[in-house]
Protein chains: 2
Amino acid sequence: MDELNSSTEQKIFDAAEAVFIKNGMEGARMKEIADIAGINKALLHYYYRNKEQLFMAVFQNAVDQFIPNIYNLLISELSLFDKIRAFLEQYGKILMKKQFLPLFILHEINRKPDKLVHTITSKGIQPQMLKNQINEEVRAGSIKPIEPRQLIVNLLSLCIFPIAGRPMFQRILFDNDADAYESFLHERMHSTADFIINAIKK
Amino acid sequence: MDELNSSTEQKIFDAAEAVFIKNGMEGARMKEIADIAGINKALLHYYYRNKEQLFMAVFQNAVDQFIPNIYNLLISELSLFDKIRAFLEQYGKILMKKQFLPLFILHEINRKPDKLVHTITSKGIQPQMLKNQINEEVRAGSIKPIEPRQLIVNLLSLCIFPIAGRPMFQRILFDNDADAYESFLHERMHSTADFIINAIKK
DNA sequence: GTCTATATTGTGATAGAC
DNA sequence: GTCTATCACAATATAGAC
């Protein structure tokens, strides 16, 4: 019913999102987008002047979802362990619902870094606060020595790559059983925090 | 000097590898491949009938490098911890030299799974042996309880994603300093094994 | 084996009627 | 706003000379 009520522009955007994410900017066809949106090719150009602008709208939206607003979490008074738990809980849910985001964004950034970086950097990520907190915990002796960025990359890798690498993992390890892999990802949402905490706690 | 001595077919393959990996199958242009190989477009079709076959040659080669032959490691008598250390050491070196492999392969598999899976499954990965060993160590009480595939995915995530996600990490966390990121990856080759082992040891 | 020239098709984009 | 018809060009692929 969302379909029926939504504006033509929205239908175009939704169709474009599906097609760009499935095939990438280069592999996407304006014809296919128009077909899925249930309108004509010419109308795409009426709303979005050209393919590039349509792509950028989709891409920026994808980045906005992929890099969530965790400023409140970062500045909270939670302990490091609780922040890790809270982040995995919140971000895990987002990624489970938008599993295509990581691969799409990484591929496109890789293809045209200079053109697309600003969509990321402009989001104003501030890892400094988290780095400070990690350093303090190391100095206080409450966790094992670790370079903050190593921990951050570990955290993000464990959280994102099982989804980005799904096309591979699901086939190699799960006999291409989609339901089994879905359960596997769900299970991770609870177990990954413990894995990380065990790795760094003294 | 490799360039000078290599056959035309090899020069074409090398050029194709560079272009396909940079732009993907859909983004690659036969013209660019010919230019880089220093020959004419028509000659591409003489050696490889069409773009598809040229791509498949490059892709299969990429998969063969990406999924290394670790059968000997898997069946070795090493303890689980030593296997983890050995794997990270060996595979880390491969990935450091071919950093483009993960993203390229994942993107293409994602684009056309049905067409490209066989290039992976035919390699006959056998995780069963490793799964058994992990289960035994859990039962023996020498490591914390963990589902074997969770550990395997953790291991691969920590090893592959820092490279697949480099375009993102390097800019967000390292101010786009390539040398600094290279050092960061090198440091990981030593620290990641300890991270994992700490996470699972009792 | 390697080239030039060309055929053929696909695709993004525009013109213009309604 | 939405459509049909069409342009212009890019890209794969082939023909054929050398």
Side-chain angles (χ1 to χ4, degrees), chain A residues 1-62 104 107-108 110-112 115-116, chain B residues 1-62 104 107-108 110-112 115-116:
Chain A
M1 54 179 69
D2 237 291
E3 296 295 320
L4 293 175
N5 293 1
S6 66
S7 67
T8 299
E9 183 167 4
Q10 186 65 41
K11 279 191 289 193
I12 290 174
F13 183 90
D14 292 343
E17 186 176 55
V19 173
F20 278 129
I21 276 163
K22 183 162 148 283
N23 299 328
M25 162 68 178
E26 311 263 20
R29 294 290 161 255
M30 296 295 266
K31 176 74 162 59
E32 189 182 359
I33 295 173
D35 286 349
I36 293 178
I39 50 99
N40 193 277
K41 262 198 306 174
L43 213 49
L44 295 180
H45 293 87
Y46 175 80
Y47 283 96
Y48 301 86
R49 186 171 304 278
N50 52 37
K51 186 181 181 182
E52 184 65 25
Q53 287 191 26
L54 181 51
F55 168 77
M56 285 305 293
V58 169
F59 185 77
Q60 182 65 60
N61 179 265
F104 171 61
H107 170 73
E108 297 299 338
N110 190 55
R111 192 176 56 83
K112 268 207 162 26
K115 176 155 202 163
L116 299 178
Chain B
M1 53 178 72
D2 238 290
E3 295 297 319
L4 294 174
N5 294 0
S6 64
S7 66
T8 300
E9 184 167 4
Q10 185 64 42
K11 279 191 290 194
I12 290 174
F13 183 90
D14 292 343
E17 185 177 53
V19 173
F20 278 128
I21 276 162
K22 183 163 147 282
N23 299 327
M25 163 68 177
E26 310 264 19
R29 294 291 159 255
M30 297 294 266
K31 177 72 163 62
E32 188 181 359
I33 294 174
D35 288 348
I36 292 179
I39 48 100
N40 193 277
K41 264 195 305 173
L43 213 48
L44 295 180
H45 293 86
Y46 176 80
Y47 284 96
Y48 301 85
R49 186 173 304 279
N50 52 39
K51 186 180 181 182
E52 186 64 25
Q53 286 191 24
L54 181 52
F55 168 77
M56 285 306 292
V58 169
F59 186 77
Q60 182 64 61
N61 178 265
F104 171 61
H107 170 73
E108 297 298 339
N110 191 55
R111 193 174 56 83
K112 268 205 161 25
K115 174 154 204 163
L116 299 179

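Convention: sequence-line order gives letters A, B, ...; per-chain numbering from 1.
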Q) For A:A18, which residues count as a side-chain contact (heavy atoms from CB on, under 4.5 Å) partner, sequence neighbours excluded? A) none
(Q) According to side chain to side chain donor-acceptor pair (under 3.5 Å), who are the partners of A:N61, at least two apart in sequence or on a separate chain? (A) A:Q65
Return a table of donor-acceptor pairs under 3.5 angstrom between the side chains of residues 19-27 of chain B and protein atoms on other chains or two or more places apart.
| residue | atom | partner | partner atom | Å |
| --- | --- | --- | --- | --- |
| B:E26 | OE2 | B:R111 | NH1 | 3.1 |

Q.
With ring-ring contact (aromatic ring centres under 6.0 Å, His included) as the rule and sequence neighbours excluded, what pairs involving residues 27-52 of chain B come up?
A. none
(Q) What residues from residues 44-54 of chain B pass a heavy-atom cutoff of under 4.0 Å to DNA chain D? (A) B:H45, B:N50, B:K51
Q: Scan A:A34 against the nucleic acid and name what it touches under 4.0 Å (heavy atoms): base, sugar-phosphate only, or nothing.
A: nothing
Q: Taking side chain to side chain donor-acceptor pair (under 3.5 Å) as the test, write out the residues that go with B:K31, two or more places apart.
A: B:D35
Q.
Restricting to side chain to side chain donor-acceptor pair (under 3.5 Å), what partner residues turn up for A:Q10, sequence neighbours left out?
A. A:D14
Find every protein N or O atom lying less than 3.5 Å from an N or O atom of nucleotides 4-7 of chain D, and list the pairs.
| residue | atom | partner | partner atom | Å |
| --- | --- | --- | --- | --- |
| D:dT4 | OP2 | A:N40 | ND2 | 3.0 |

**Q.** Set of side-chain contact (heavy atoms from CB on, under 4.5 Å) partners for B:A15, sequence neighbours left out
**A.** B:I33, B:I36, B:A37
(Q) Distance under 4.0 Å to a non-hydrogen atom of chain B counts as contact; along DNA chain C, which nucleotides mark the start and end? (A) C:dG1 to C:dT4
Q: Return the set of residues passing side chain to side chain donor-acceptor pair (under 3.5 Å) with B:K115 (not counting sequence neighbours), or none when no residue passes.
A: B:E52
Q) Can you name the residues that form a ring-ring contact (aromatic ring centres under 6.0 Å, His included) with B:F13, not counting sequence neighbours? A) none
Q. Taking atom CD of A:E108 and atom CG of A:L116, what is their separation to the nearest 0.5 Å?
A. 7.0 Å
